Peer 1: 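Starting off with a structure, shown below.
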Amino acid sequence: MSAGVETVTFRPSGPLRGRLRVPGDKSITQRALLIGAVCDGPLEIVEPVWAGDPLATAGMVSALGVAVDGLARRERRVVVHGVGLRGLHAPGRPLDAGNSGTGMRLLAGLLAGQRGRFVIDGDRYLRARPMGRIVVPLRAMGARLDARDDQFAPLAIEGGALRAIRYEPPVASAQVKSCLLLAGLLADGETVVVEPAGSRDHTERMLAAAGAPLACRGSEIAVRGAERLRLDRIVVPGDLSSAAFLVAAALLVPGSRLVIANVGLNPTRLGFCQAVRRMGGRLEWTVTRTDGGEPRGDLEVWASALHGTTVPARETPSLIDEVTLIALLGCFAEGETVVEGVADLRAKETDRLAAIVDILTGLGGKAEAGGDVLRVCSAPLRGGALSSRGDHRLALLGAVAGLACPAGVSVSGFGAAAVSFPGFTDSLAEVLSS
Ligand code: S3P
């Protein structure tokens, strides 16, 4: 590894060996901050991840009048002093969601039912992401909210009374589902979200732990208007989506054997692990504990010879943030690797589908995207240079590719990695030297 200003070069080095932990789960940390904000009384969050996205969400929560002890020093334990389901205060200035789609979309659901006028804005990448997917159903619930061209941030929300709806989002999105469940807590009647395919269910698990009137019936999740939530403590597990980058590196670098300890093993996030196994990857995981409804345990991976697989559309939501890695592994796998149902990757921090194809072909690979399907053919990569395009998962993709390509990979804009995986290069150095 060598670093220039924001450009970091990753080169093949020895195997990845040893045992390490990865930073806490970004989705769970953000939900804990937001749900904690509307609990009655304090919620202690242990081992949150202080990455860019959760910091932005914590900043918004503070601006809404919620004290977060320990935030200023980014401590290992913070306490969110919840103000009750309807107790958030309009700050009189725009809230800044930064780069975080989760922060913006989930908070919009909560604010739609508060008293007051709120504006949520974000960085230039977030301003380009589709918000119509929450604007349409929130308006159906009676929310008064405006978005630029009815689609883009900033969002202006005039909070008020909400009514329950039954809604089937056109895309499987945990952010849309969670936005509506949070709004549903503030609505009259029973709000039902019918998922087209199962997406991550951290919101459901945390709300259930907090005593929300919530029921999961197959693909339907129902929530009734509530009076109060209460949750004392959440211990955040390691982020499986961050661990996945190290897993991919260990699979590709000969002689590697790595244990990632205390990582979240929620079944709705296991798609990457299952696809890797189908590709011939040696990967084992064991749930050792469940805390706040979230299973966690150790993941062990060995360098492996891989072959292609097909990920059907119904499985894609369970590895939505790891499609980059399945594509990278596909370059080194025998035969063809296909991921179906990938169109929504165009709506991530950047057009991630176009970027995957562009990056892998630029490094010497064979990848193409047509409509809803990504195809990658076996073609070991040479290496080269790429830009993160401001997208944390592309920055980290470049790092893993560099370890596996003879010529290494230079990643410009590598700083974006800190949006989800602060300290990535230190974690890597730890396992490269042990
Ligand atoms: C997330 C949901 C997913 C995922 C994102 C985090 C969440 O987004 O890609 O990184 O925390 O709910 P979508 O809901 O847009 O699929």
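In each ligand, atom 1 is the first atom listed, and ligand 1 is the first ligand listed. Keep in mind that the numbers below use all heavy atoms, side chains included, and drop hydrogens, waters and symmetry copies. Worth saying up front: this structure is predicted, and the values here are computed from it rather than measured.
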Peer 1: Can a cation-pi geometry be assigned to R277 and W285, taking NZ or CZ under 6.0 Å from the six-membered ring centre and within 45° of the ring axis?
Peer 2: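 R277 over W285 ring: yes.
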
Peer 1: Could K177 and D201 be called an ion pair, given the rule that one side-chain N must be under 4.0 Å from one carboxylate O?
Peer 2: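 D201 and K177: not salt-bridged.
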
Peer 1: Do other residues, nucleotides or ligands put more than 12 heavy atoms under 6.0 Å from R139 CZ?
Peer 2: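 Above 12, so yes.
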
Peer 1: What's the shortest distance from atom 8 (O) of ligand 1 to any protein heavy atom, and which residue and atom give it?
Peer 2: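 Closest protein heavy atom to atom 8 (O) of ligand 1: K348 NZ, 3.0 Å.
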
Peer 1: Do D351 and R129 meet the salt-bridge criterion of a basic N to acidic O distance under 4.0 Å?
Peer 2: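 Salt bridge between R129 and D351, a charged N being under 4.0 Å from a carboxylate O: no.
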
Peer 1: Give me the nearest non-hydrogen protein atom to atom 14 (O) of ligand 1 as residue plus atom name, then the distance to 0.1 Å.
Peer 2: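 Answer for atom 14 (O) of ligand 1: S173 OG, 2.7 Å.
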
Peer 1: Under 4.0 Å between a side-chain nitrogen and a carboxylate oxygen: does that hold for D239 and R269?
Peer 2: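 Result for this pair is yes, salt bridge flagged.
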
Peer 1: Can you tell whether the side chains of R77 and E75 come within less than 4.0 Å, N to carboxylate O?
Peer 2: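 No.
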
Peer 1: Heavy-atom pairs closer than 4.0 Å: do any link ligand 1 to the side chain of H202, the backbone, both, or neither?
Peer 2: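 No part of H202 is near ligand 1 at this cut-off.
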
Peer 1: Would you say that R166 contacts E190 through its side chain, given a criterion of any heavy-atom pair below 4.5 Å between the two side chains?
Peer 2: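 No, too far: nothing below the 4.5 Å cut-off.
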
Peer 1: Look at atom 11 (O) of ligand 1 and say which protein heavy atom is nearest, naming residue and atom and giving the distance to 0.1 Å.
Peer 2: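 For this ligand atom, the closest protein heavy atom is S27 OG, 2.7 Å.
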
Peer 1: Who's the nearest protein heavy-atom neighbour of atom 10 (O) of ligand 1, and how far?
Peer 2: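 Protein heavy atom at minimum distance: D321 OD2, 2.7 Å.
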
Peer 1: Can you name the atoms of ligand 1, numbered from 1 with element, that are less than 4.0 Å from a heavy atom of I320?
Peer 2: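 Reading through ligand 1 atom by atom, the close ones are 9 (O).
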
Peer 1: Kindly confirm or rule out an N or O of T102 lying under 3.5 angstrom from an N or O of ligand 1.
Peer 2: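 T102 vs ligand 1: N/O contact under 3.5 Å present.
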
Peer 1: Starting from atom 1 (C) of ligand 1, which protein heavy atom do you reach first, and at what distance in Å?
Peer 2: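 Protein heavy atom with the smallest distance to atom 1 (C) of ligand 1: Q175 NE2, 3.5 Å.
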
Peer 1: Could you tell me whether ligand 1 has any atom less than 4.0 Å away from a heavy atom of R31?
Peer 2: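 R31: in contact with ligand 1 (<4.0 Å).
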
